[in-house]
Amino acid sequence: MNITDDLYKEHYHGALLYTYSLCGNYHLAEDIVSDSFYKALTSYNDTEERFKLWLFRVCRNALIDYIRKNKRNVEIDENLSDKTDVADTVIAQEKYRALYHAVEILDDEYREAVTLFYFNDMSIAEIAVIMNKTDAAVKVTLYRARKKLKKLLEVHYGI
């Protein structure tokens, strides 16, 4: 095993879940993550422990570039049933399904922040770098997202 294999095994599923949460298309997310892994590995110069942050940033930028190039031809969130099937596969434990489905309903900014913080265990500072925001703005976004999630879980899922 080399370091590239270790990085791939450690970060692939998190990057896929993150990218999928942004675009809602599983196959597009797989393509973006695959391309981004190559770009991240060839352009990364820092230590191994910050690779995850760099990878997520590359994934986000690659998706933005893809959307810009294809905005007339692509409806990113075209198949919600695909979204549910993928979420059920990625989130295997039953107790997290209602939460993940509620996260899918959130606005893009809230969904991105929640996914990075709770599902990918990133710090406020790391999320700020990825989202091009200040730490304070990320904290406010997460607060508002949690408030919205609480309301969604109470109304839709009785939790």
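Not measured: the values here are computed from a predicted model.
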Kindly write out the residues that satisfy side-chain hydrogen bond (donor to acceptor under 3.5 Å, both in side chains) with [X], not counting sequence neighbours, or none if the list is empty.
X	answer
Ser43	Trp54
Asp121	none
Ser36	none

| field | Separation of Tyr110 OH from Thr115 OG1 (nearest 0.5 Å) | value | 14.5 Å

Side-chain contact test, heavy atoms from C-beta onward, threshold under 4.5 Å: evaluate it for [X] versus [Y] and give yes or no.
X	Y	result
Ile130	Met122	yes
Leu142	Ile124	yes
Glu126	Lys52	no

Testing the basics here: between [X] and [Y], what is the closest heavy-atom pair and its distance to 0.1 Å?
X	Y	answer
Ala15	Phe56	N-CZ, 3.6 Å
Ala40	Leu55	CB-CD1, 4.0 Å
Ala102	Leu152	O-CD1, 3.6 Å
Asp135	Ala125	OD1-CA, 3.6 Å

Identify, with sequence neighbours excluded, every residue that meets side-chain contact (heavy atoms from CB on, under 4.5 Å) alongside [X].
X	answer
Asp108	Arg111
Ala29	Leu16, Thr19, Tyr20, Cys23
Tyr143	Arg146, Lys147
Ser34	none

| request: Answer with yes or no after comparing the ring centroid distance for Tyr18 and Phe119 against a 6.0 Å cut-off, counting only values under it. | output: no

